[in-house]
Number of protein chains: 2
Amino acid sequence: MRGEALKGHLDLLLLAVLHRNPAHGYAVIEELRRLSGETFDLPEGTVYPALHRLERNGMIASRWSEESGRKRRIYELTPQGRKALEVYCDEWHRFADGVNSLLREVNVPCVA
Amino acid sequence: MRGEALKGHLDLLLLAVLHRNPAHGYAVIEELRRLSGETFDLPEGTVYPALHRLERNGMIASRWSEESGRKRRIYELTPQGRKALEVYCDEWHRFADGVNSLLREVNVPCVA
DNA sequence: ATTTGATACTATGCGATGCAATGTATATAA
DNA sequence: TTATATACATTGCATCGCATAGTATCAAAT
């Protein structure tokens with residue numbers, strides 16, 4: 001997966017994962033990989049800064065957790081984040097419909 | 001449509017439009033709007049530099065055309081561009097499948 | 001005849017973003 | 001005790017969409 005493909009859709013993915021369950025950063029990465037069918041295997045340098053940004057913007061909130069001596073920062077959606085997720089989800093569908101519509105119209109010869 | 005959503009997918013869209021027919025920049029913008037169901041209404045500042053970049057990378061080739069006194073730069077796919085289009089198209093489908101898979105799994109409440 | 005709007009291209013620079021790279025620290029298994 | 005997986009954080013680069021600004025032509029409206 002080329003990196004640029006993700007741009008502008010990462011927030012949707014992260015909010016979606018956290019909508020399922022509150023989780024810490026490392027778990028988010030794993031869940032993202034698992035739930036996307038191994039499609040998204042994001043590096044920490046991508047996910048951690050993005051989580052910080054989402055928290056800074058009030059989309060998610062975090063608390064420290066210490067289970068079995070391990071420090072983890074647990075993130076969960078705020079009400080605002082829940083709303084944003086719906087908006088992003090709508091935008092995603094309109095975007096995907098637009099691309100698919102175009103590809104259908106021009107009859108692009110995909111390998112798949 | 002948020003700008004960032006487009007990132008990393010613009011080349012696919014442009015190559016797809018030019019796969020249908022050779023066209024000049026302005027026409028590409030109109031075709032893109034029309035064929036996407038009015039979803040993509042891209043500014044010139046987005047499309048022209050992108051076309052230049054695609055030409056620089058050997059994906060498309062251009063020639064000047066002067067019909068009815070109007071100077072236009074007509075772009076068309078190169079063989080390399082045709083190949084890249086197939087690759088991008090594959091990547092798009094994997095990407096979209098990944099996102100849709102995730103959204104399904106987490107049961108995101110889209111408005112739509 | 002002149003203004004307006006659509007057509008058509010070019011170039012510059014900003015802001016946002018994904019991520020490679022690097023560093024720290026702990027738990028567990030070999 | 002060495003290695004591996006877990007877990008977090010930060011810095012800076014490269015890329016990219018696009019706002020902005022500028023030039024020029026043609027058609028239609030005033």
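By convention in this document, chain letters (A, B, ...) are assigned in the order of the sequence lines, proteins followed by strands, and residues within each chain are numbered from 1.
Take the nearest nucleotide of DNA chain C for B/His24 and for A/Val47: the residue whose nucleotide is more 5' is B/His24.
If you take NE2 of A/His9 and P of C/dC19, they are 13 Å apart, rounded to a whole angstrom. The interatomic distance linking B/His52 (NE2) with D/dT15 (C1') rounds to 18 Å, in whole Å. At whole-Å resolution of the value, CZ in A/Arg33 and P in D/dA5 are 11 Å apart. Spacing between atom CG of A/Leu10 and atom C1' of D/dT15 amounts to 16 Å, rounded to whole angstrom units. In this structure, CZ of A/Arg70 is placed 15 Å from C1' of D/dA9, rounded to the nearest angstrom. Residue A/Ile74 contributes atom CD1, which lies 13 Å from atom C1' of D/dT6 at whole-angstrom precision. In this structure, B/Leu51 places its CG atom 15 Å from C1' of C/dA11, rounding to the nearest Å. One can place CD of B/Glu66 at 12 Å from C1' of C/dA8, the figure rounded to the nearest angstrom.
Considering NZ of B/Lys83 and CG of B/Leu77, their distance stands at 13.5 Å, rounded to 0.5 Å.
Within the structure, a side-chain polar atom (N or O) of A/Arg73 is placed less than 4.0 Å from OP1 or OP2 of D/dA9. Dashed line: the shortest gap from a side-chain N or O of B/Arg53 to OP1 or OP2 of D/dG17 is under 4.0 Å. Put simply, B/Thr46 has no side-chain N or O that comes within less than 4.0 Å of OP1 or OP2 on D/dG17.
Side-chain atoms of A/Ser62 and A/Arg73 include a donor-acceptor pair closer than 3.5 Å.
Candidate nucleotides D/dC8, C/dA11, C/dA8 were compared by shortest atom distance to the side chain of A/Tyr48, and D/dC8 ranks first. Closest to the B/Arg72 side chain, of the nucleotides C/dA27, C/dT10, C/dA8, is C/dA8. For B/Leu42, the listed nucleotide lying nearest its side chain is D/dC18; candidates were D/dC18, C/dT10, C/dC19. Checking D/dA5, D/dG17, C/dT17 against every side-chain atom of A/Lys7, the shortest atom distance belongs to C/dT17.
Without hydrogens or angle criteria, B/Thr39 side chain to A/Phe95 main chain gives no donor-acceptor distance under 3.5 Å.
One finds a salt bridge joining B/Arg20 and B/Glu31 here, because a Lys/Arg side-chain nitrogen approaches an Asp/Glu carboxylate oxygen to under 4.0 Å.
Residue-to-nucleotide contacts include no donor-acceptor pair under 3.5 Å from the side chain of A/Glu44 to the base of C/dC19.
Among the heavy atoms of the strands lying under 4.0 Å from B/Glu30 are primed sugar atoms or P, OP1, OP2 only; no base atom is included.
With contacts defined as side-chain heavy-atom distances shorter than 4.5 Å, the pair B/Leu12/A/Leu103 qualifies.
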